[in-house]
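Every chain is numbered from 1 and lettered A, B, ... according to where its sequence line falls, protein lines coming before strand lines. Hydrogens, waters and symmetry mates play no part in the numbers below; they use all other heavy atoms, side chains included. Here the structure is a predicted model, which means the values were calculated and not measured.
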Amino acid sequence: MSKRALSTSREENFPEWYQVVVRDGDMAETSPVRGCMIIKPWGWGVWERIQAELDQRIKDTGHENCYFPLFIPMSFIAKEAEHVEGFAKEMAVVTHHRLKNEGGKLVLDPEARLEEPLIVRPTSETIIGDAFQRWVKSYRDLPLLINQWANVVRWEMRTRLFLRTAEFLWQEGHTAHADRADAMAETMRMLEVYREFAESVLAMPVIAGEKPANERFPGADNTFSIEAMMQDGKALQAGTSHYLGTHFAEAQNIQFQSAEGKLEHCHTTSWGVSTRLIGGVIMTHGDDDGLRLPPKIAPRQIVIVPMLRDKPEDAAVIDYCTALEKELKAKGIRALVDAKPVKSAEKRWSWVRRGAPVILEIGGRDVSGGNVTYMRRDRLRDGDKVVSHAKTRDAFVAEAASLLDDIQASLFQEAKVRLEGNIVAGMKSFDEVSAYFGATETDDEAGGTFKGWVEVPWARPEGGELEAIADKLKALKLTIRNAPLGQGKAAGKCIFTGKPAKESILIARAY
RNA sequence: CGGAGCGUAGCGCAGCCUGGUAGCGCACCUGCUUCGGGAGCAGGGGGUCGGAGGUUCAAAUCCUCUCGCUCCGACCA
């Protein structure tokens with residue numbers, strides 16, 4: 001008879017469920033500025049964990065952090081034709097540097113119009129390239145390996161908290177290399193960093209692969225992505241890594257003198273992941289009681305809720321909890337006693353909705369017996385019933401770290417089974433693909449029938465042929481996600497062109 | 001920016017058709033009783049009904065405009 005902690009379920013209405021999890025999980029809310037979000041302390045705590053873990057990996061692979069301006073001169077963006085084309089429609093532009101008071105109303109001061117408008121960065125290839133042009137003179141300056149943590153703005157039509165917001169936070173890596181091989185190795189190295197990070201830190205299994213030409217970053221020669229499967233079967237692009245060839249180097253004069261004394265253009269790369277990852281975590285691990293956070297990114301891993309009764313004995317319970325918290329912290333665990341004067345049942349459910357991995361409830365009897373009672377958020381219920389476990393306090397403290405490891409592993413395993421069990425291979429024609437997805441035309445609003453991804457052989461068509469295929473897929477709300485790495489020689493024929501297949505690609509609905 | 005729907009208390013909603021000056025559940029505050037678990041009873045606080053105009057003796061309700069949100073489409077990390 002036990003009720004759920006949320007007002008809606010994944011099955012009833014997945015998009016609404018997502019919003020409720022974000023709100024009730026205290027992650028973020030919409031702001032007075034259209035399309036922008038306020039990230040609340042709990043959501044920000046998750047982002048801080050993501051930053052800390054990923055930043056370490058970025059540094060371990062030889063990169064240095066720095067910071068470039070938020071504003072980019074419009075002329076910079078205009079230099080790379082494809083880049084302009086790709087971003088022109090979604091840029092925020094600063095045109096004035098002063099307001100004036102006109103009859104009690106604030107208006108733009110026409111005399112304060114900027115000679116050259118400034119773009120609020122949608123990404124920083126151009127302004128970083130401008131610096132690279134000055135920093136790189138010799139082959140001895142290469143490779144140049146830079147990263148920055150920043151906010152960027154893309155004026156999106158439709159926004160959803162974390163998944164697509166007008167302003168979002170990310171890290172963007174930018175590197176310059178002497179040749180294609182070195183730049184490509186960098187591109188793949190960072191893709192692998194993302195894959196490993198997503199799986200081991202976010203417990204989010206992904207498929208790493210190369211994007212088809214029509215899904216490339218504006219100005220890139222090759223774009224690679226990691227794709228994750230959400231619980232509604234849709235794909236989420238969780239990270240990208242681009243080999244930019246010499247396009248930006250040519251547009252911006254990033255040149256070096258080789259050992260042979262020849263002047264050559266650099267080969268550049270860029271790669272990034274954003275706050276969108278948090279949306280991915282929510283849709284990968286959330287359940288009908290709210291968020292379930294992997295311990296590695298949970299701002300608080302173990303939350304201790306004292307069962308207070310407004311009696312003198314409360315003091316002993318709080319002391320017991322505080323001592324326990326201290327012990328756990330000494331072991332490097334992010335523990336918290338929630339002693340707020342709020343009904344304990346309320347506190348329990350609010351931590352459930354926020355997805356704290358382990359929730360302890362400590363009452364007088366635990367104190368006198370030297371025990372703890374706890375719940376695992378990843379396996380909160382057996383059927384409908386909430387499951388609590390009991391242990392001696394000493395045993396709990398001794399095993400706390402491995403309990404967290406176990407939760408991390410179990411969340412990953414659950415998601416991995418879902419991903420691997422829902423990629424359908426073996427279809428021989430587009431009609432089969434169409435039939436597979438076709439049955440779910442009407443179910444976008446409600447959860448509807450779950451449809452996973454389809455893996456099919458194709459001949460890697462380009463140009464107009466690819467455009468036509470993309471349009472055909474679009475009619476079914478489908479996109480090509482990527483061509484997974486490490487696949488063997490593709491067998492059979494391309495399901496679109498009938499030509500001998502070159503590789504397999506994943507087709508899915510996507511965010 | 002197009003199509004559809006919706007804006008009434010923190011959240012979820014009723015009231016609108018048939019205008020009469022705002023209500024329910026949860027949450028919140030106080031008290032008492034409970035309490036190894038999402039408690040009961042009693043009392044209470046909180047809304048210029050998204051905003052601006054208009055019609056009217058009177059507007060949450062009718063009309064016009066506007067802003068915002070959600071879903072769908074186009075675009076996209």
Trainee: Output the rounded distance in Å from CD (A:E12) to P (B:G12).
Mentor: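 So the CD-P distance, A:E12 to B:G12, works out to 15 Å.
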Trainee: Can you tell me how far C1' in B:U8 sits from the matching atom in B:A22, rounded to whole Å?
Mentor: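 Comparing C1' positions in B:U8 and B:A22 gives a spacing of 8 Å.
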Trainee: Do other residues, nucleotides or ligands put more than 12 heavy atoms under 6.0 Å from A:W155 CH2?
Mentor: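 Result for CH2/A:W155: open.
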Trainee: Does a donor on one side chain and an acceptor on the other come within less than 3.5 Å for A:S241 and A:T187?
Mentor: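 There is no such pair (donor and acceptor under 3.5 Å, judged by atom type) between the side chains of A:S241 and A:T187.
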Trainee: How is A:R34 classified with respect to the nucleic acid when contacts are heavy atoms under 4.0 Å: base, sugar-phosphate, or nothing?
Mentor: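 Touches sugar-phosphate only.
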Trainee: Of the options B:A39, B:C35, B:A74, whose atoms approach the side-chain atoms of A:M157 most closely?
Mentor: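 Nearest to the side chain of A:M157 among the choices is B:A74.
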Trainee: Regarding A:A5, tell me which of base, sugar-phosphate or nothing describes its non-hydrogen contacts under 4.0 Å with the strands shown.
Mentor: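 Base, at least one base heavy atom under 4.0 Å.
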Trainee: Measure from CG on A:L54 to C1' on B:A77 and round the result to the nearest Å.
Mentor: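 Between C1' of B:A77 and CG of A:L54: 14 Å.
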Trainee: Rounded off to whole Å, could you give me the CG-to-C1' distance for the A:N13 and B:U70 pair?
Mentor: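 Whole-Å distance recorded here is 10 Å.
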Trainee: Within the pair A:K311 and B:C35, is there a side-chain N or O less than 4.0 Å away from OP1 or OP2?
Mentor: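 False: A:K311 side-chain N/O out of range (4.0 Å or more) of B:C35 OP1/OP2.
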Trainee: In whole angstrom, give me the gap between the C1' atoms of B:C16 and B:C6.
Mentor: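 Each nucleotide's C1' atom is 14 Å from the other's.
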Trainee: What is the distance from CG of A:L6 to P of B:C26, rounded to the nearest Å?
Mentor: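 In whole Å, B:C26 P lies 19 Å from A:L6 CG.
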Trainee: Find the partner of B:U48: check Watson-Crick (N1-N3 plus N6-O4 or O6-N4) and G-U wobble (N1-O2, O6-N3) distances, both under 3.5 Å, and reply none if neither fits.
Mentor: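 Paired with B:U48, as far as the under-3.5 Å criterion goes, is no nucleotide at all.
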Trainee: Do A:R381 and A:D289 meet the salt-bridge criterion of a basic N to acidic O distance under 4.0 Å?
Mentor: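 Between A:R381 and A:D289 there is a salt bridge, with a charged N closer than 4.0 Å to a carboxylate O.
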Trainee: Paired with B:G37 by Watson-Crick or G-U wobble geometry, both distances under 3.5 Å: which nucleotide is it?
Mentor: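 WC or wobble partner does not exist here.
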Trainee: Could you state the atom-to-atom distance from CZ of A:F14 to C1' of B:C72 in whole Å?
Mentor: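 Result: 18 Å.
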Trainee: Which whole-number value in Å describes the distance from A:D314 CG to B:G37 C1'?
Mentor: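 One finds 14 Å between C1' of B:G37 and CG of A:D314, rounded.
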Trainee: When all nucleic acid strands are considered with a 4.0 Å heavy-atom cut-off, which category describes A:G364: base, sugar-phosphate, or nothing?
Mentor: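 The residue A:G364 makes base contact.
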Trainee: Does a side-chain N-to-carboxylate-O contact under 4.0 Å join A:D288 and A:R10?
Mentor: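 Between A:R10 and A:D288 there is a salt bridge, with a charged N closer than 4.0 Å to a carboxylate O.
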Trainee: On a whole-Å scale, what distance lies between the P atoms belonging to B:U30 and B:A52?
Mentor: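 Here B:U30 and B:A52 have their P atoms 35 Å from each other.
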Trainee: Grab the two heavy atoms, one from A:I282 and one from A:W17, that are nearest each other, plus how far apart they are.
Mentor: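 Distance-wise, the nearest heavy atoms are O-CH2, 3.6 Å.
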Trainee: Between A:R216 and A:R348, which is nearer to the 5' end of RNA chain B once each is assigned its nearest nucleotide?
Mentor: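 So the residue in question is A:R348.
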Trainee: May I ask which nucleotide in the shown strands pairs with B:C6, Watson-Crick or G-U wobble, both distances under 3.5 Å?
Mentor: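 B:C6 is paired with B:G68.
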Trainee: Could you check whether A:T165 gets within reach of a base, just the sugar-phosphate, or nothing at all, counting any heavy atom under 4.0 Å?
Mentor: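 Result for A:T165 = base.
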Trainee: Please give the nucleotide sitting opposite B:G53 as a Watson-Crick or G-U wobble pair, both distances under 3.5 Å, or none.
Mentor: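 B:G53 is paired, partner B:C63.
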Trainee: Look at the side-chain N and O atoms of A:K477 and state whether any lies under 4.0 Å from the OP1 or OP2 oxygen of B:G73.
Mentor: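 Yes, such a contact exists.
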Trainee: Which nucleotide, in any strand shown, forms a Watson-Crick or G-U wobble pair with B:G19, with both distances under 3.5 Å?
Mentor: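 None - no nucleotide pairs with B:G19, as no candidate has both distances under 3.5 Å.
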Trainee: For nucleotides B:C24 and B:U34, find the distance between their P atoms and express it as a whole number of Å.
Mentor: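 The answer is 29 Å between these two P atoms.
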Trainee: Using a 4.0 Å heavy-atom cut-off, does A:D366 contact any base of the nucleic acid, only the sugar-phosphate backbone, or nothing at all?
Mentor: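 Base, at least one base atom sits under 4.0 Å.
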Trainee: Whether the side chain of A:R481 engages the backbone of A:A510 through a donor-acceptor N/O pair (distance < 3.5 Å, no angle test) should be reported.
Mentor: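 It does not hold such a pair.
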Trainee: Is the ring centre of A:W349 under 5.5 Å from the base ring centre of B:G38, and are the two planes under 30° apart, so that they stack?
Mentor: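 One would call A:W349 stacked on the B:G38 base.
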Trainee: Write down the distance separating the C1' atoms in B:A14 and B:G7, rounded off to the nearest Å.
Mentor: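 Looking at atom C1' only, B:A14 and B:G7 are 15 Å apart.
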Trainee: Run the salt-bridge test on A:E82 and A:R216 with the 4.0 Å N-O cut-off and return the result as yes or no.
Mentor: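 Result for this pair is no, no salt bridge flagged.
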Trainee: Regarding A:R23, tell me which of base, sugar-phosphate or nothing describes its non-hydrogen contacts under 4.0 Å with the strands shown.
Mentor: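 Sugar-phosphate, backbone atoms only, no base.
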Trainee: Contact class for A:F168 vs. all strands (heavy atom < 4.0 Å): base, sugar-phosphate, or nothing?
Mentor: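 A:F168: base contact, heavy atoms under 4.0 Å.
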Trainee: Rounded to the nearest 0.5 Å, what separates atom CG in A:N147 from atom OH in A:Y67?
Mentor: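 Here the interatomic distance stands at 13.0 Å.
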Trainee: At under 4.0 Å between heavy atoms, what does A:S7 touch on the DNA or RNA strands: base, sugar-phosphate, or nothing?
Mentor: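 It contacts nothing in the nucleic acid.
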Trainee: Could you identify the nucleotide paired to B:G73, looking across every strand shown and requiring Watson-Crick or G-U wobble geometry with both distances under 3.5 Å?
Mentor: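 Across any shown strand, B:G73 pairs with B:C1.
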Trainee: Please tell me which of the listed nucleotides, B:C35, B:A39, B:A77, lies nearest to the side chain of A:R309?
Mentor: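 So the side chain of A:R309 is nearest to B:C35.
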Trainee: Students often get this wrong, so: under 4.0 angstrom with heavy atoms, is A:Q237 touching a base, only sugar-phosphate, or nothing?
Mentor: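 Contact class for A:Q237: sugar-phosphate only.
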Trainee: Using heavy atoms to find the nearest nucleotide of RNA chain B for A:R158 and A:P341 separately, return the residue whose nucleotide is more 5′.
Mentor: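 It is A:P341 whose nearest nucleotide is closer to the 5' end.
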Trainee: Could you give the distance separating B:G20 and B:U61 at their P atoms, to the nearest angstrom?
Mentor: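 After rounding to an integer number of Å, I get 11 Å for this pair.
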Trainee: Please determine, for B:C24, whether a Watson-Crick or G-U wobble partner exists with both distances under 3.5 Å, and give it or none.
Mentor: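 Per the H-bond distance test, B:G12.
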Trainee: State whether A:Q19 places a side-chain N or O below 4.0 Å from either non-bridging phosphate oxygen (OP1 or OP2) of B:C71.
Mentor: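 So the side-chain polar atoms of A:Q19 do come within 4.0 Å of the phosphate oxygens OP1 or OP2 of B:C71, strictly under.
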Trainee: Rounded to whole angstrom units, what separation is found between the CD atom of A:E156 and the P atom of B:C69?
Mentor: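 From A:E156 CD to B:C69 P: 15 Å.
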Trainee: What is the base-pairing partner of B:G43, counting Watson-Crick and G-U wobble geometry with both distances under 3.5 Å?
Mentor: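 With both distances under 3.5 Å, B:G43 matches B:C29.
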Trainee: For A:L163, answer base if it contacts any base atom (sugar-phosphate contacts may also be present), sugar-phosphate if it contacts only those atoms, and nothing otherwise; contact means non-hydrogen atoms under 4.0 Å.
Mentor: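 Answer is base: heavy atoms of A:L163 come under 4.0 Å of a base.
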Trainee: Under 4.0 angstrom, heavy atoms only, what part of the nucleic acid is A:T373 near: base, sugar-phosphate, or nothing?
Mentor: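 Base, at least one base atom sits under 4.0 Å.
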Trainee: Could you work out the separation of B:C72 and B:A58 based on their P atoms and round it to a whole Å?
Mentor: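 Between the two P atoms, the distance is 44 Å.
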Trainee: I need the NZ-P distance between A:K385 and B:G37, as an integer number of Å.
Mentor: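 For the pair A:K385 NZ and B:G37 P, the rounded distance is 10 Å.
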Trainee: Considering only the P atoms, how many Å lie between B:C26 and B:C17, rounded to the nearest integer?
Mentor: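 Nearest-Å result for B:C26 against B:C17 at atom P: 29 Å.
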Trainee: Please classify the nucleic acid contact of A:R160 as base, sugar-phosphate, or nothing, using heavy-atom distances under 4.0 Å.
Mentor: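 The residue A:R160 makes sugar-phosphate contact but no base contact.
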Trainee: Looking at A:D310, I'd like to know if its CG atom is crowded, meaning that more than 12 non-hydrogen atoms belonging to other residues, nucleotides or ligands lie closer than 6.0 Å.
Mentor: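 No.
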